[in-house]
Amino acid sequence: MEKCAKDQKELKFYIHTFGCQMNESDSERISGILTASGAKISDSPEKSDLIIVNTCAVREKSEEKLYSYLGNLASLKKSKKVSIGVVGCVAQLYRSKLLEKKPFIDFILGPDNYHRLSHILRNNQGEKFISTGWSPELHEIPHELVFRKSNISAYLTIMEGCNNFCSYCIVPFTRGREKFRHKHNIIREVQSLARKGYKEIQLLGQNVNSYKDPETGEDFSALLKEINHVDGIEWIRFITSHPKNFSKDFASAMKEAKKVCHQLHLPIQSGSSSVLERMNRGYTREEYLEKITFILDLMPNMSLSTDIIVGFPGETEEEFQETLSLLKEVRYTNIFSFRYSPRPLTAASREKDTVPFEEKKRRLIELQGLQKKLQLELNKSQVGCVIKVLCSGKSKKDPHIYTGRNEGHQVVNFKSQKNVTDKFIDVRITACGPYSLIGEVSP
Ligand code: SAM
Ligand code: SF4
């Protein structure tokens, strides 16, 4: 890493984050470590002495976007003195190869190595630095150090890594095996967030339903129950649940913990049992649908979302049609859908990528078109209702329009004469589109 000319106390840093909520949460933790070391957060790469790029390797496209962003940073580095660190999943995957390919990078840190950042800031004398090892226990970053973007809704990582090895997925290779935070540390963090005025907690992990306290073995239901008792917290969410670990008992625990939102992201990936088997998901279409039935029997207002991959190796037209029929059957509030892309080290990448790019594209368009229609129907059924919304701020285009999310995690844009940022507010829904609800503050 290039030694910064400035005193460390004045060092300004900028973090660019690719990928999911997990990466957003990691970037908040990285910001905390850097600010605790005396550095100051900056709002642009041009004004910074240190730029950290937090990367995502889940799909080829996210990697392509990273290389284009790094190209811009290479140009910036020619015009000013700046240190560049690449962290996260792509860093873990390519390690020194990334440095060979992009020699302007100063340091590389894998997801299990962020605690080393303060050491890099203090001791680095200009040499390149790579740290991508694994430790058996999860590194607790003191929760006071986490630098959160929101004042009202907090991401809170409860576990790292994944043991599932879905045949398409790179995550077990880039984030390692499952490791869990101690329940008492999680609870202390939630209590501290409640004292600061946070109202919503979003628990994060690749497979939260496999959570086990490392000491006591207490499970995710026990954790939810205890968070539910923390005064001040009003909404609790979690992501991601793996269908194979989602039990009837857990659904009952979810219903009992009254602050847990009736919203569930339960990734199916494909509606075809034969594709699910090739994906190594550990459940069939029928088993998944049974779970949806008991969830809706217990909590009929549950807002469901999912992830879907189209064009997995060998996916036939009939198998794809089964995914479309599943969407019609479940009627999700929202879906995240992707074209399959082969990833290094995964089992599926050793299979022939049989579905041509244009066909994957067609399937994705058809899938998204169907979901758009289904979502519009669902959203229309909410017009005329008054719903509770947690407002995250003003719309950039119109100062009288605010935006937020309801319990089902749907986007709600609404008119308000008063500033209601960071507040719960009742909104009367007056109109909708497929991707958002529109309304006004209810008197
Ligand atoms: N642990 C979570 C789960 O099991 O759903 C999230 C995993 S991953 C970060 C998020 C989503 O990316 C997956 O649910 C899957 O739909 C998608 N994904 C993962 N690998 C992919 C690949 N090789 N090609 C396309 N989509 C992929
Ligand atoms: Fe990837 Fe499967 Fe683990 Fe999710 S459960 S992170 S899709 S391997």
Side-chain angles (χ1 to χ4, degrees), residues 17-26 54-65 88-90 92-93 111 155 157-179 202-211 220 237-246 264-272 275-283 288 291 304-315 320 323 326-327 332 334-355 357 360-361 363-364 367-368 371:
T17 309
F18 289 94
C20 60
Q21 294 100 323
M22 199 83 170
N23 269 14
E24 290 290 345
S25 166
D26 284 348
N54 191 359
T55 61
C56 169
V58 169
R59 282 169 293 276
E60 214 170 356
K61 211 165 149 188
S62 42
E63 247 190 72
E64 283 162 10
K65 281 193 211 156
C89 291
V90 177
Q92 183 68 39
L93 186 62
Y155 288 137
T157 298
I158 61 164
M159 63 173 294
E160 296 269 4
C162 182
N163 291 356
N164 286 315
F165 291 92
C166 300
S167 64
Y168 51 82
C169 184
I170 201 168
V171 169
F173 304 97
T174 57
R175 286 194 173 262
R177 294 303 85 73
E178 280 179 349
K179 289 189 281 195
Q202 305 200 47
L203 304 172
L204 302 180
Q206 294 299 345
N207 184 5
V208 289
N209 291 82
S210 71
Y211 176 82
F220 190 50
R237 303 181 190 276
F238 49 85
I239 191 166
T240 300
S241 288
H242 194 301
K244 87 176 152 65
N245 297 103
F246 197 98
L264 180 66
H265 186 65
L266 201 61
I268 176 96
Q269 311 298 356
S270 164
S272 150
V275 174
L276 288 171
E277 195 178 345
R278 302 203 295 281
M279 286 178 165
N280 191 30
R281 286 292 286 177
Y283 53 85
Y288 181 92
K291 291 181 196 246
L304 293 159
S305 59
T306 203
D307 288 351
I308 286 172
I309 297 176
V310 300
F312 184 75
E315 186 190 66
F320 170 63
T323 301
L326 185 116
L327 289 193
Y332 295 101
N334 192 13
I335 67 165
F336 300 86
S337 50
F338 314 102
R339 282 189 303 266
Y340 168 73
S341 76
R343 304 307 293 133
L345 308 176
T346 61
S349 68
R350 296 191 282 276
E351 305 293 318
K352 197 163 178 276
D353 189 9
T354 51
V355 183
F357 180 80
K360 283 182 190 161
K361 218 164 127 184
R363 289 182 191 178
L364 192 67
L367 180 97
Q368 291 174 343
Q371 179 60 22

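Both counts, for ligands and for their atoms, begin at 1 and track the order of listing. Just the heavy atoms: all of them, side chains too, but no hydrogens, waters or symmetry mates, feed the values below. Since the model is a prediction, treat every value here as computed from it, not as a measurement.
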| query | Considering only heavy atoms of Arg339, which atoms of ligand 1 have at least one such atom less than 4.0 Å away? | reply | 24 (N), 25 (C)
| note | heavy-atom search around atom 2 (Fe) of ligand 2 in the protein gives Cys166 SG, 2.3 Å
| query | Which atom pair, heavy atoms only, marks the closest approach of Lys360 to Gly311? | reply | CE-O, 3.5 Å
| query | Can you check whether Leu204 reaches Glu24 side chain to side chain, under 4.5 Å on heavy atoms? | reply | no
| message | How long is the straight-line distance from SG of Cys169 back to CG of Asn164, given to the nearest 0.5 Å? | response | 9.0 Å
| query | Nearest protein heavy-atom contact for atom 3 (Fe) of ligand 2: which residue, which atom, what distance? | reply | Cys162 SG, 2.3 Å
| said: To check your reading of the model: name the closest protein heavy atom to atom 15 (C) of ligand 1, its residue, and the distance in Å. | reply: Gln269 OE1, 3.4 Å
| The one among Met22, Arg59, Gln206 that brings a heavy atom closest to atom 18 (N) of ligand 1 | Arg59
| message | With heavy-atom distances below 4.5 Å as the criterion, would you say the side chains of Asp307 and His265 are in contact? | response | yes
| task | Would you please determine whether Glu60 falls within less than 4.0 Å of ligand 1 on a heavy-atom basis? | result | no
| Residue pair Leu367 / Leu327: nearest heavy atoms and the distance that separates them | CD1-CD1, 3.8 Å
| message | Considering non-hydrogen atoms of the protein only, which is the closest contact for atom 6 (S) of ligand 2, and what is the distance? | response | Gln206 OE1, 3.5 Å
| query | With atoms numbered from 1 as shown, which atoms in ligand 1 lie under 4.0 angstrom from a non-hydrogen atom of Val58? | reply | 9 (C), 12 (O), 18 (N), 19 (C), 20 (N), 21 (C), 22 (C), 23 (N)
| field | Under 3.5 Å side-chain donor-acceptor pair for Gln269 and Tyr168 | value | yes
| task | May I ask which of Val310, Ile309, Ile170 has a heavy atom nearer to atom 27 (C) of ligand 1 than the others do? | result | Ile309
| Heavy atom of Arg281 under 4.0 Å from ligand 1? | yes
| request: Pull out every atom of ligand 1 sitting under 4.0 Å from any heavy atom of Pro267, numbered as shown with elements. | output: 5 (O)
| Do Met22 and Thr240 have side-chain heavy atoms sitting under 4.5 Å apart? | no
| Can you list the ligand 2 atoms lying under 4.0 Å from a non-hydrogen atom of Phe165? | 8 (S)
| So is Ser341 close enough to ligand 1, meaning a heavy atom under 4.0 angstrom away? | yes
| field | Nearest protein heavy atom with distance in Å, relative to atom 1 (Fe) of ligand 2 | value | Cys169 SG, 2.3 Å
| field | For ligand 1, the portion of Phe338 having any non-hydrogen atom under 4.0 Å away | value | side chain
| Trace of the side chain to side chain contact (heavy atoms under 4.5 Å, CB included) decision for Val58 with Arg343 | CA-CA 7 Å; Val58 169; Arg343 304 307 293 133; over 6 Å; no
| request: Report yes or no: do Asn207 and Asn245 form a side-chain donor-acceptor pair below 3.5 Å? | output: yes
| query | Is it the side chain (CB and beyond), the backbone, both or neither of Arg281 that lies under 4.0 Å from ligand 2, heavy atoms counted? | reply | side chain
| note | the protein heavy atom lying closest to atom 20 (N) of ligand 1 turns out to be Tyr168 CD1, 3.3 Å
| message | Considering non-hydrogen atoms of the protein only, which is the closest contact for atom 7 (S) of ligand 2, and what is the distance? | response | Tyr168 OH, 3.4 Å
| Asn209 and Ser241 side chains, donor-acceptor separation under 3.5 Å | yes
| task | Please state whether the separation between atom 2 (Fe) of ligand 2 and some N/O/S atom of His242 is under 2.8 Å? | result | no
| query | If you count the atoms of ligand 1 from 1 in the order shown, which ones are under 4.0 Å from a heavy atom of Arg343? | reply | 23 (N)
| request: Go through Arg363 and Glu315 one step at a time and tell me if the salt bridge (Lys or Arg N to Asp or Glu O under 4.0 Å) criterion holds. | output: CA-CA 11 Å; Arg363 289 182 191 178; Glu315 186 190 66; 2.9 Å; yes
| task | Taking only heavy atoms of Thr240 into account, list the atoms of ligand 1 that are under 4.0 Å away from them. | result | 2 (C), 3 (C), 5 (O)
| If you take all heavy atoms of Val355 and Phe312, which pair is closest and at what distance? | CG2-O, 3.8 Å
| request: Return the residue, atom name and 0.1 Å-rounded distance of the protein heavy atom closest to atom 10 (C) of ligand 1. | output: Asp307 OD2, 3.8 Å
| said: Once you restrict to heavy atoms under 4.0 Å, what part of Pro172 touches ligand 2? Side chain, backbone, both or neither. | reply: side chain
